[in-house]
Amino acid sequence: MTHLLAFAAFTVYTADPKIEDVFQRSFRDANFVATIDMSKQSELVKIRKEFGTQYRFKETKVWLKEPHKIRLEAKVDDTLVIYLINGTKKQFKVPRVNMSQVEDVSDAPGKRQTFLDFGIMTSTMFSDPFSADFIRVDRQSGELVFDIIFKKRYEYNTRHRVWIDPAKKYTTKREWFAQEGFQLATFFYTEPISLGGVWFPTKCTVKNVEGKVAGITSYKKVVVNAGIAESLFEIK
């Protein structure tokens, strides 16, 4: 069956597919709870020294909204920590101690976080900051493989190679490459569910370049396209 699917993919795409063919066009917003099922700091630090920090939060509430809006909430002991992204601005705040740090990352694309981290791609991501190059149709799975790169004006060479399910239009696999060209990690997005006209993966497994599983995250209580207030993403 796998070979038949791959053959079908080759026959359907007589011309190179475009990233527009695999957008999640119906995606407007989502919220869920990200829980850490497994993490191994000794393997996470092989990806990047600071990469394991996010895996120290056992549970994080996540809100996503088009365009380019993300809200993360987690607790350290009894202290709430909030991380906001709204366009090219970021804010980190700890209300309990009245701490707030705002940063404009317009000229620092490497500091941006996008829906791609959760296996979702939308049209606004390719208005800015990304563009995409078609690489091939995967012979085994029939999935479409693209390189996701920053637009030339940023002069930033980090890239992501992604495998996309052409029917469900979500990222099944992502390879992350550093500016210098070497690979940092591979992410696998699995167990997708269909909600609000969108296929949404509910598990993310990350492996380092040695092929060792470094962390597993589950997305629970997923709600898609139910409407999220703009005020949740307000940065001030």
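Donor-acceptor pairing under 3.5 Å is recorded for the side chains of Lys90 and Tyr83. Side-chain contact check for Trp199 and Asp165: no donor-acceptor pair (N or O, by modelled atom type) lies under 3.5 Å. No side-chain donor-acceptor contact under 3.5 Å links Thr158 and Gln179. Donor-acceptor pairing under 3.5 Å is lacking for the side chains of Ser123 and Glu20. Between the side chains of Ser218 and Asp37, at least one donor N or O lies within less than 3.5 Å of an accepting N or O. Using modelled atom types, one finds a donor on one side chain and an acceptor on the other under 3.5 Å when comparing Ser106 with Asp104. A donor-acceptor contact closer than 3.5 angstrom is absent between the side chains of Thr60 and Glu73.
Within the 3.5 Å criterion, the main-chain N or O of Phe130 finds a donor-acceptor partner in the side chain of Lys151. Judged by distance alone, the side chain of Asn98 and the main-chain N or O of Pro95 form no donor-acceptor pair under 3.5 Å. Between the side chain of Asp138 and the backbone N or O of Trp163, no donor-acceptor pair lies under 3.5 Å. Remark: the backbone N or O of Lys236 is paired with a side-chain donor or acceptor of Gln91 at under 3.5 angstrom. Remark: the backbone N or O of Ile235 is not paired with any side-chain donor or acceptor of Asn86 at under 3.5 angstrom. Of the possible polar contacts, one joining the His68 side chain to the Thr124 backbone as a donor-acceptor pair under 3.5 Å is found. Thr202 places a side-chain N or O within donor-acceptor distance of the main-chain N or O of Glu191, the cut-off being under 3.5 Å. With Thr171 contributing its side chain and Lys173 its backbone, the two residues share no donor-acceptor pair below 3.5 Å.
Aromatic pair Tyr189/Phe118: ring centres not closer than 6.0 Å. Residues Phe177 and Phe182 place their aromatic rings such that the two centres sit no closer than 6.0 Å. Taking the ring centroids of Phe115 and Phe27, they lie under the 6.0 Å cut-off.
Residues Ile47 and Phe57 fall into different hydrophobic clusters, defined by Ile, Leu, Val, Met, Phe, Trp and Tyr side chains chained together at heavy-atom separations under 4.5 Å. Met125 and Phe150 end up in the same hydrophobic cluster when Ile, Leu, Val, Met, Phe, Trp and Tyr side chains are linked at under 4.5 Å. Linking Ile, Leu, Val, Met, Phe, Trp and Tyr whenever their side-chain heavy atoms come within less than 4.5 Å leaves Phe233 and Leu64 in two separate clusters. Both Met121 and Tyr219 are assigned to one and the same hydrophobic cluster, defined by single-linkage of ILVMFWY side chains at heavy-atom distances under 4.5 Å. A chain of hydrophobic side-chain contacts below 4.5 Å, direct or via other Ile, Leu, Val, Met, Phe, Trp or Tyr residues, connects Tyr156 to Ile85.
With a 4.5 Å cut-off on side-chain heavy atoms, Lys75 and Val81 do not count as touching. Taking 4.5 Å as the limit, some side-chain heavy atom of Leu116 sits within range of a side-chain heavy atom of His160. Lys61 has its side chain out of reach of Leu72: every pair of non-hydrogen atoms, C-beta onward, lies at least 4.5 Å apart. Contact annotation: the side chain of Thr172 never approaches that of Ile164 to less than 4.5 Å [non-hydrogen atoms, C-beta and beyond]. Residues Ser100 and Phe92 form no side-chain contact, since every pair of their non-hydrogen atoms from C-beta on lies 4.5 Å or further apart. Two residues are said to be in side-chain contact when any heavy atoms from C-beta on lie closer than 4.5 Å; Val222 and Ile193 meet this criterion. Using a 4.5 Å heavy-atom cutoff, the side chains of Phe200 and Leu195 are not in contact. Between Glu66 and Arg28, every side-chain heavy-atom pair lies at or beyond the 4.5 Å cut-off.
When all heavy atoms of Ala226 and Asp29 are compared, the pair lying nearest together is N-OD1, 3.2 Å. Looking at every heavy atom in both residues, Val145 comes nearest to Arg161 through CG1-CG, 3.7 Å. Across all their heavy atoms, Asn225 and Ser26 have their closest contact at ND2-O, 2.9 Å. Contact between Tyr55 and Gly215 at its shortest, heavy atoms only, is CE2-CA, 3.8 Å. Between Ala132 and Phe126, the shortest heavy-atom contact is CB-CE2, 3.8 Å. For the pair Gln183 and Val209, the tightest heavy-atom approach, listed with the atom from each and the gap, is O-CG1, 3.0 Å.
Ionic pairing of Glu103 and Lys89 is not present here: no N-O contact between side-chain nitrogen and carboxylate oxygen is shorter than 4.0 angstrom. Between Asp77 and Arg96 there is no salt bridge, since no side-chain N of the basic residue sits under 4.0 Å from a carboxylate O of the acidic one.
Shown here is Glu50, whose CD atom has more than 12 heavy atoms of other residues, nucleotides or ligands within 6.0 Å. Residue Lys93 places its NZ atom among more than 12 non-hydrogen atoms of other residues, nucleotides or ligands, all under 6.0 Å distant.
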- Message: Between Thr122 and Phe23, is the side-chain contact (heavy atoms from CB on, under 4.5 Å) condition met? List the steps.
- Response: CA-CA 5 Å; Thr122 64; Phe23 285 161; over 6 Å; no

- Item | Derivation and outcome, side-chain contact (heavy atoms from CB on, under 4.5 Å), residues Tyr170 and Val198 | CA-CA 9 Å; Tyr170 77 97; Val198 172; over 6 Å; no

- Begin with the C-alpha distance, continue with both residues' side-chain angles, and end with the deciding distance and a verdict on side-chain contact (heavy atoms from CB on, under 4.5 Å) for Val206 and Thr186. CA-CA 6 Å; Val206 58; Thr186 303; over 6 Å; no

- Message: side-chain contact (heavy atoms from CB on, under 4.5 Å) for Ile148 and Ile19? Distances and angles first, verdict last.
- Response: CA-CA 9 Å; Ile148 308 301; Ile19 197 67; 4.2 Å; yes

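Scanning for salt bridge (Lys or Arg N to Asp or Glu O under 4.0 Å) contacts around Asp107 gives an empty result, with sequence neighbours left out.
Separation of atoms OG (Ser42) and CG (Asn208) is listed at 9.0 Å; rounding is to 0.5 Å. Rounding to the nearest 0.5 Å gives a distance of 10.5 Å between CD of Glu143 and NZ of Lys168. Once rounded to the nearest 0.5 Å, the distance linking CG of Leu232 with NZ of Lys69 reads 11.5 Å. The OG1 atom of Thr79 sits 11.5 Å away from atom CE of Met99, with the distance rounded to the nearest 0.5 Å. Considering OG1 of Thr205 and CD1 of Ile216, their distance stands at 4.5 Å, rounded to 0.5 Å. Between Leu144 atom CG and Lys169 atom NZ the span is 10.0 Å, to the nearest 0.5 Å.
Taking the ring centre of Phe187 as origin, the terminal cationic atom of Arg174 falls inside the region bounded by 6.0 Å and 45° from the ring axis.
The side-chain contact (heavy atoms from CB on, under 4.5 Å) with Leu184 is formed by just one residue from the set Arg48, Glu175, Lys46; it is Arg48.
The aromatic rings of Phe146 and Phe134 lie perpendicular to each other, with more than 60° between the two planes, well past the 30° mark. Between Phe51 and Trp176, the ring-plane angle classifies as tilted under the 30° and 60° cut-offs.
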